[in-house]
Amino acid sequence: MMRIGLFLLTNLAVMIVCGIAFFVISSVFGLGSVHGNGGLNLASLMVLCLVWGMGGSLISLFMSKWMAKKSTGTVVIETPSNGTEQWLVDTVARQAQAVGIQMPEVGIFNSEQPNAFATGWNKNNALVAVSTGLIHTMTPDEVEAVLAHEIGHVANGDMVTLALIQGVVNAFVMFFARIIGNFVDRAIFKNEGDGPGIAYFITSMVMDILLGILASAIVMWFSRLREYRADEMGARLASRDKMISALNALRPAAERPDQMPEAMKAFAISSGTSQGFSFANLFRSHPTLDDRIAALQKFQG
């Protein structure tokens, strides 16, 4: 539940900032005639929502490597200083060549929990990082499979696709929030002026938050699907047995509190083992380990 609480607080902050910026740009600077003749110009409203929704998501995408390094303390391996670092770089290089992408940056971050992530604004400008806990607790075969899983995320373009989906979702959230805000302002509070009343602004802001929470379930659903695809790539590049062994090796760590920063959870190899249907599970970025292993056991690639 702490993860959901942090998610709600983060979502609240983001939607408030976006809402304020939206009102300033559209109203003060007059970029697009959103309000007119006592109603909304839906075409102009959708354009502005797309600009803000996609803009924020794309900015996050372009900043993803920098943010990942700062939030996790990842140190990029410029020149390998020992055999382990050399093996990590060589393994990633071999896997990147196998899937036809440019060599990603390879890094290590300090965390007792075995984990790894991949990020970057395109498949030829990516970062693959592993935790010290993963290096120390997993066998070389299991680490190889984890690296292959992360290379799968990069090769499949998951970071870009997830950012685009989030941008479209943001746009629709802002669009429908303002339609609801206009309805409340006009139909319930009986505002008959040319411009929007205070009810429009308050309702739009509240709906940004509520609809944003509901819409995030769509983004997390896609995130869970891409984990299966990355697992399949891990099985192809390493082997199915190595990938299953790596997922099983994550079980002990998955029972402990997740040390990965909230912003990076969707890009990590592991995110807990909670089972069954619940409201919280709708916002999980990863399927359960049991579900992932069961899917791999059926995989014939």
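Computed from a predicted structure; not experimentally measured.
Panel note: side chain Ser239, backbone Ala235; no donor-acceptor pair is recorded below 3.5 Å. The main-chain N or O of Ala118 is found under 3.5 Å from a side-chain atom of Glu150 such that the two form a donor-acceptor pair. A distance-only check finds no donor-acceptor pair linking the side chain of Arg292 to the backbone of Tyr228 [under 3.5 Å]. Judged purely by atom type and a 3.5 angstrom limit, Asn156 has no side-chain atom pairing as donor or acceptor with the backbone of Asp158.
Taking Lys65 as the reference, Glu105, Asn125 meet the side chain to side chain donor-acceptor pair (under 3.5 Å) condition, with sequence neighbours excluded. Annotation: side chain to side chain donor-acceptor pair (under 3.5 Å) contacts of Ser57 (sequence neighbours excluded): none. In this structure, the salt bridge (Lys or Arg N to Asp or Glu O under 4.0 Å) partners of Asp141, at least two apart in sequence or on a different chain, are Lys242. Take Asp185 and apply the side chain to side chain donor-acceptor pair (under 3.5 Å) test, not counting sequence neighbours, and it matches Asn191.
At least one side-chain heavy atom of Asp231 sits under 4.5 Å from a side-chain heavy atom of Leu247. Contact of the Leu214 side chain with the Leu210 side chain is not registered, since no non-hydrogen atoms from C-beta on lie closer than 4.5 Å. Looking at heavy atoms from C-beta onward, Val184 lies out of side-chain contact with Met207 at the 4.5 angstrom threshold. Under the 4.5 Å side-chain criterion, counting only non-hydrogen atoms from C-beta, Leu40 is in contact with Tyr200. Using a 4.5 Å heavy-atom threshold, the side chains of Ile209 and Ile213 count as touching. Proximity of Leu134 to Val143: side-chain heavy atoms (C-beta onward) are separated by under 4.5 Å at one or more points.
Here the two rings, on Phe109 and Phe117, have centers that are under 6.0 Å apart.
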### Task
Step by step, work out the side-chain contact (heavy atoms from CB on, under 4.5 Å) result for Arg284 and Met220.
CA-CA 6 Å; Arg284 288 177 58 85; Met220 291 299 100; over 6 Å; no

### Task
Report the C-alpha separation of Leu162 and Phe222 in whole Å, then their side-chain angles, then the decisive distance to 0.1 Å, and conclude whether the side-chain contact (heavy atoms from CB on, under 4.5 Å) test is met.
CA-CA 8 Å; Leu162 194 64; Phe222 171 77; 3.4 Å; yes

### Task
Report the C-alpha distance between Met138 and Leu250 in whole Å, list the side-chain angles of each, state the deciding distance to 0.1 Å, and finish with yes or no for side-chain contact (heavy atoms from CB on, under 4.5 Å).
CA-CA 9 Å; Met138 286 192 174; Leu250 293 171; 3.5 Å; yes

#### Entry: Check against side-chain contact (heavy atoms from CB on, under 4.5 Å), Ile202 and Ile198
CA-CA 6 Å; Ile202 294 176; Ile198 188 63; 3.8 Å; yes

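Around atom CZ of Phe172, no more than 12 heavy atoms belonging to other residues, nucleotides or ligands sit under 6.0 Å away. In Gln97, the CD atom is not crowded: 12 or fewer heavy atoms of neighbouring residues, nucleotides or ligands sit closer than 6.0 Å. Counting non-hydrogen atoms of neighbouring residues, nucleotides and ligands closer than 6.0 angstrom, the CZ atom of Phe189 reaches no more than 12 such neighbours.
Put simply, CD on Glu142 and CG on Asp241 are 11.5 Å apart, with the number rounded to the nearest 0.5 Å. In this structure, CD1 in Ile108 is found 11.5 Å from OG1 in Thr72, a value given to the nearest 0.5 Å. Interatomic distance, CD of Gln95 versus CD1 of Ile101, reported as 9.5 Å (0.5 Å rounding). Rounding to the nearest 0.5 Å gives a distance of 10.0 Å between NZ of Lys69 and OG of Ser64. Taken to the nearest 0.5 Å, the CG atom of Asn182 stands 8.5 Å off from the CG atom of Leu42. To the nearest 0.5 angstrom, Ile165 atom CD1 is 12.0 Å from Asn170 atom CG.
No continuous path of hydrophobic side-chain contacts links Val51 to Val169 [ILVMFWY only; heavy atoms under 4.5 Å]. Linking ILVMFWY residues whenever their side-chain heavy atoms come closer than 4.5 Å, directly or via other members, leaves Leu45 and Val47 in distinct clusters. Hydrophobic cluster membership differs between Ile218 and Met174, with clusters built from Ile, Leu, Val, Met, Phe, Trp and Tyr side chains linked at under 4.5 angstrom. Hydrophobic clustering (side-chain heavy atoms under 4.5 Å, transitive across Ile, Leu, Val, Met, Phe, Trp, Tyr) keeps Phe299 apart from Ile293. Cluster membership check: Leu164 shares its hydrophobic cluster with Leu61, using side-chain heavy-atom separations under 4.5 Å among Ile, Leu, Val, Met, Phe, Trp and Tyr.
Looking at every heavy atom in both residues, Ala246 comes nearest to Ala145 through CB-CB, 4.1 Å. Residues Leu147 and Thr91 share a closest heavy-atom pair of CD1-CG2, 3.8 Å. Taking each heavy atom of Leu237 and Ala148 in turn, the nearest pair found is CB-CB, 3.7 Å. Looking at every heavy atom in both residues, Met159 comes nearest to His153 through SD-O, 4.1 Å. Contact between Met54 and Val168 at its shortest, heavy atoms only, is SD-N, 3.4 Å. Closest of all the heavy-atom pairs between Leu127 and Pro104 is N-CB, 4.4 Å.
For Arg224 and Asp291, the salt-bridge test fails: no basic side-chain N is under 4.0 Å from an acidic carboxylate O. A salt bridge links Arg94 with Glu144: at least one charged nitrogen is closer than 4.0 Å to a carboxylate oxygen. With respect to Arg251 and Asp290, a salt bridge is recorded, a charged nitrogen being found less than 4.0 Å from a carboxylate O.
Sorted by first then second residue, the salt bridge (charged side-chain N to carboxylate O under 4.0 Å, His left out) pairs that include residues 73-91, not counting sequence neighbours, number zero. Under the side chain to side chain donor-acceptor pair (under 3.5 Å) criterion, the residue pairs touching residues 126-136 are Asn110-Thr132, with sequence neighbours excluded.
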